[in-house]
Chemist: 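Handing you this structure, nothing more for now.
Proteins get letters first, then strands, A, B, ... in listed order; numbering begins at 1 in each.
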Amino acid sequence: MTERIAGGHIIVTDTAQPTGRSRDVSRRKVLPESLFAWLLVGPAMLFIAIIVAWPLAETIRLSFMEAGLGGEEYIGLANYEELFVSRKFHQTIARTFYWMFLSVSLKLILGLIGATLLNAAVPGRGLFRVLIMPPWVVPIAIGCIGWLWLYNGYFGILSGTAQAVGLTDGPFEFLAYKQSAFYSAIVTDVWVGVPMVTLFFLAAMQGVSRDLYEAAWVDGAGRWYRFRRITIPQIMPVIVSMSLLSAIFTFNSFEIIWILTEGGPRSATTTLIVDTYKTAIGNYKFGEGSARAVIIVLLLGAFSLAYLFLLNKVNKKYGVK
Amino acid sequence: MATLDLNAINKSFGSAKVLHDISLAIEDKEFVVFVGPSGCGKSTLLRIIAGLEAATTGSIIIDGEDVSKSHPVDRGISMVFQSYALYPHLSVYENIAFPLRVQKLAKGDMDQRVHKAAEILQLTDKLHLKPGQLSGGQRQRVAIGRSIVRNPKVFLFDEPLSNLDAALRGDMRVELSQLHRELAATMVYVTHDQVEAMTMADRIVVLNAGRVEQFGTPMQLYHHPATKFVASFIGQPNMNLIPAKVIGTGENLSVELDGGHKMALPVDAAGISKGDMVEVGIRPEHVTLGDSGLDISVHVLERLGGVSITYGTVGNGHRFCASLPGDAPVHEGRNLTLGVAPNDCHVFDANGDVLRRKSAPALVA
């Protein structure tokens with residue numbers, strides 16, 4: 001195949017002729033296929049370059065800088081070295097993974113239970129399907145302000161109920177103590193995340209052929225057996241991909257923590273993303289903040305690769321092409 | 001050893017009544033086919049026998065025991081689904097072993113039963129594969145294997161061949177008939193395909209709009225259809241039905257077919273009087289090329305080699321189909337005279353019920 005430019009057009013002369021055709025009849029096209037393909041994906045790639053690649057490159061560049069309001073200075077790997085030895089940063093990473101693990105596990109378990117109930121043939125299930133939506137539909141900030149009131153020691157219903165039944169002697173500020181603040185934030189995060197997980201699981205369950213359940217029922221399989229041996233394997237690919245998505249969302253969950261506790265008390269709810277924000281935006285340390293952001297990208301990247309590998313294996317095992 | 005008796009089964013979905021007073025006595029080791037058009041209630045009846053649906057009223061007796069209220073697994077039935085209902089994430093072995101795992105059967109016993117079923121169905125070298133790696137016919141066999149391992153009293157099949165292509169369907173028909181002989185089990189089979197019914201059944205139940213039209217052997221249904229519906233449903237191509245006016249009763253029923261052809265038919269004409277309208281049924285394969293008889297104008301001719309299927313009209317535009325010899329001198333657009341033997345004719349009254357034929361071929365067993 002030869003290519004040449006003629007009068008502004010690229011002319012391709014295809015000399016590799018299929019059999020049964022005379023050699024001098026050459027196929028002519030205005031554009032080679034590969035160039036046409038680049039033209040089609042070009043706008044999308046440009047778009048991605050502007051909103052993803054450029055900010056990412058800028059972040060990586062800044063992570064090698066001592067950068068603040070006063071200007072930039074190249075300091076090599078100093079930002080990373082500092083994080084590498086910082087005990088506080090190690091604690092933040094450990095806390096972030098604990099946060100992610102706990103929250104995602106709860107979302108998956110509650111989502112599975114919720115989807116199973118919503119999938120059951122109970123009267124009024126259409127209504128219930130609508131009723132689980134609000135946590136997802138209400139803007140996160142609004143929902144979190146509601147939770148702030150729930151967790152309030154003097155006006156909150158939780159503290160009030162705890163006092164009324166004698167669990168606490170006086171008002172209990174859920175967000176004022178390290179432990180209770182952390183788990184309160186988890187509860188709110190789960191509350192926001194469960195509806196999406198539930199709906200995805202529900203959709204997957206509805207895709208399972210009814211015949212499979214009937215066949216198993218005729219063979220004597222009970223409810224739990226059918227759930228374990230049919231439902232779970234059949235929706236396994238969705239479980240795996242939902243746990244990846246949910247893990248990424250939870251890892252990067254910022255608004256909930258920021259509105260409830262701003263990462264406190266005493267860093268009890270400071271996850272990596274909150275730490276990054278506090279460093280870069282709160283303290284104007286753009287270089288150190290960028291180093292943290294790069295570490296998030298690397299961690300989530302490795303995490304995603306591992307998951308994609310797992311998803312591939314699961315899809316193979318459960319017969320999805 | 002398993003008989004299956006249905007006593008006055010009725011089924012309604014809300015206000016829609018889909019089964020009307022169905023009573024059948026199916027004998028041990030019998031292969032019974034429920035056949036009928038879509039929506040006739042045949043699948044619902046099968047699901048009621050399986051225990052997947054509850055009958056509104058009526059009882060199901062298997063081997064003398066009333067199982068109407070029993071769980072499917074306690075009825076001693078197994079079912080093969082139209083979609084095969086194989087578990088895509090389990091191997092062929094695990095699919096076949098599924099009912100045994102539910103029963104928590106000992107490993108050795110289970111292994112033996114799965115391998116025996118696989119051997120019968122020629123799946124031994126496929127046991128490690130997933131259903132997705134099998135052809136349609138092999139998947140069907142896995143589904144059958146899953147029902148064999150349970151040693152059920154009654155096998156239920158819900159249109160098991162309808163997802164297969166025509167050639168494979170023919171092969172599987174033969175395999176299923178052989179399997180029935182090998183297992184010597186009672187089988188109930190649902191299909192909308194009258195060829196499957198005719199070729200495999202010991203006896204056929206023809207269902208129409210939730211009612212049993214007729215229950216009999218394939219040859220009984222062919223030679224002595226009880227109703228116009230059965231007559232037109234059984235046989236390929238379909239029976240021709242021509243309106244006729246009764247012009248005389250006596251030893252034979254004298255009729256004048258639409259189009260003017262007169263015939264004296266040897267049927268029991270009790271309750272029929274002169275001037276009544278009836279319908280005369282003539283099977284396409286029961287006509288001969290002749291000089292006198294029905295005048296047909298031929299519209300379409302299908303030459304299949306061995307036979308020539310001739311489509312045309314008779315009388316005032318009534319469709320008529322004739323199955324003639326392969327080399328019959330017939331041409332599209334021309335007229336044709338066909339001879340019909342009175343002994344081969346069926347007569348149906350205004351309600352669609354048959355008038356008993358006095359002479360009909362002896363039934364082959």
Chemist: More than 12 heavy atoms of other residues, nucleotides or ligands under 6.0 Å from CZ of A/Phe182: yes or no?
Modeler: yes

Chemist: Taking atom CD as the centre, does A/Gln91 end up with more than 12 heavy-atom neighbours from other residues, nucleotides or ligands that are less than 6.0 angstrom away?
Modeler: yes

Chemist: Should we count CZ of B/Phe13 as having more than 12 external heavy atoms under 6.0 Å?
Modeler: yes

Chemist: If you take all heavy atoms of B/His89 and A/Arg229, which pair is closest and at what distance?
Modeler: NE2-O, 2.8 Å

Chemist: If you draw a 6.0 Å radius around CD in A/Gln206, do more than 12 non-hydrogen atoms from other residues or ligands fall strictly inside?
Modeler: yes

Chemist: Below 4.5 Å from any heavy atom of chain B, which atoms of A/Arg210 appear? Answer side chain, backbone, both or neither.
Modeler: side chain

Chemist: Return the CE to CH2 distance between B/Met79 and A/Trp217, rounded to the nearest 0.5 Å.
Modeler: 11.5 Å

Chemist: Taking all heavy atoms of B/Pro99 and all of A/Asp219, pick out the closest pair and write down the distance.
Modeler: CG-OD2, 3.4 Å

Chemist: Heavy atoms, side chains only, cut-off 4.5 Å: are A/Val218 and B/Val73 in contact?
Modeler: no

Chemist: Considering residues, nucleotides and ligands other than A/Phe254, do more than 12 of their heavy atoms fall under 6.0 Å from its CZ?
Modeler: yes

Chemist: About how many Å separate OG of A/Ser209 and OH of B/Tyr84, when rounded to the nearest 0.5 Å?
Modeler: 13.0 Å

Chemist: With a 4.5 angstrom heavy-atom cut-off, is it the side chain or the backbone of B/Leu90 that approaches chain A, or both, or neither?
Modeler: side chain

Chemist: Do B/Pro72 and A/Glu214 come within less than 4.5 Å of each other through their side chains, counting heavy atoms only?
Modeler: no

Chemist: In terms of heavy-atom contacts, does NZ of B/Lys17 have more than 12 from other residues, nucleotides or ligands at under 6.0 Å?
Modeler: yes

Chemist: Identify which part of B/Arg75 has an atom lying under 4.5 Å from any heavy atom of chain A, answering side chain, backbone, both or neither.
Modeler: neither

Chemist: More than 12 heavy atoms of other residues, nucleotides or ligands under 6.0 Å from CD of B/Glu182: yes or no?
Modeler: yes

Chemist: Can you name the nearest heavy-atom pair linking B/Phe98 to A/Ala221, along with the distance?
Modeler: CE2-CB, 4.2 Å

Chemist: Relative to chain A, which segment of B/Tyr87 carries a heavy atom at a distance below 4.5 Å: side chain, backbone, both, or neither?
Modeler: both

Chemist: Considering residues, nucleotides and ligands other than A/Arg223, do more than 12 of their heavy atoms fall under 6.0 Å from its CZ?
Modeler: no

Chemist: Can you name the nearest heavy-atom pair linking B/His71 to A/Gly220, along with the distance?
Modeler: CE1-CA, 4.0 Å

